[in-house]
Amino acid sequence: MIWKEDAPKAVPAEGPAPAAAAAPAFTAPTTSVIRCANGVVLQPVKGTVIPYTQIPDDTFASGVLGEGVGVQPTDELVVAPFDGEISSVAESKHAVGVSANEMELLIHVGVDTVNMNGDGFTCLVKEGDQVKAGQPLIRFSREKIKAAGYSDTVAVLLTNSDDLEGVELGAKG
């Protein structure tokens, strides 16, 4: 004897159907923090933009690594500031280089955070990746940075600013 039980009839759910597990959307930033003849650098992390000379690190503040801005973050996600290519990723996951249109940008999360050896940082890209403005690059823990005794200020530096024309710094937009 063969027995086959009828499947229960589906009852339509009330309201809209849940969305499929789609890739999370990202929103491109809209505030520019660096402008030059070669392009625009958008703010890569939410927070208060400060002059690079106020970053609490002599190397960043002196401009030896290039001109740019600092961001005192209110969020824990760094996103791509323009469409480009990841040119470098720090082994300790706290910094990335992004290049496009002859602009070479360093995004460095925190001061002396290299000493954390990656604890509190998740790098979401690798060298050679093509990225779009607003694409997540690094997740970090402000709490872990503070607990380690470091500043969480994010340095956003145009490392070849001396080679570019018409460089303007500061939040705009």
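Treat the numbers as computed from the prediction; the structure is a model and nothing was measured. Residue numbers count from 1 along this sequence. Computed from heavy atoms alone, side chains included, the values below leave out hydrogens, waters and symmetry copies.
- Under a 3.5 Å cut-off, the side chain of E85 and the backbone N or O of S87 do not form any donor-acceptor pair.
- Listed by first then second residue, pairs satisfying salt bridge (charged side-chain N to carboxylate O under 4.0 Å, His left out) with a partner in residues 51-61 number zero, not counting sequence neighbours.
- Considering V96, D83, L137, V79 in turn, L137 is the only one that fulfils the side-chain contact (heavy atoms from CB on, under 4.5 Å) rule with V131.
- Following chains of ILVMFWY side-chain contacts shorter than 4.5 Å, one cannot reach V40 starting from V167, and the two form parts of different hydrophobic clusters.
- Between atom CD1 of residue I34 and atom CD of residue E67 there is a gap of 9.0 Å, rounded to the nearest 0.5 Å.
- Taking the six-membered ring where the residue is Trp, H94 and F121 present perpendicular rings, their angle passing 60° and hence far from 30°.
- Under the 4.5 Å side-chain heavy-atom criterion for Ile, Leu, Val, Met, Phe, Trp and Tyr, V156 and L124 are members of distinct hydrophobic clusters.
- Rounding to the nearest 0.5 Å gives a distance of 7.5 Å between CG of N115 and CG of N117.
- Taking both residues in full, the closest heavy atoms of L105 and F82 are given as CD2-CE2, 4.0 Å, listed atom of the first, atom of the second, then distance.
- Proximity of a side-chain donor or acceptor of D75 to a complementary backbone N or O of K46 within less than 3.5 Å is not detected.
- Counting only distance, with no hydrogens or angles, the side chain of S141 and the backbone of G120 share no donor-acceptor pair below 3.5 Å.
- Two rings, from F60 and H108, have their centers less than 6.0 Å apart.
- With hydrogens and angles ignored, the 3.5 Å screen pairs a side-chain donor or acceptor of T159 with a backbone N or O of E104.
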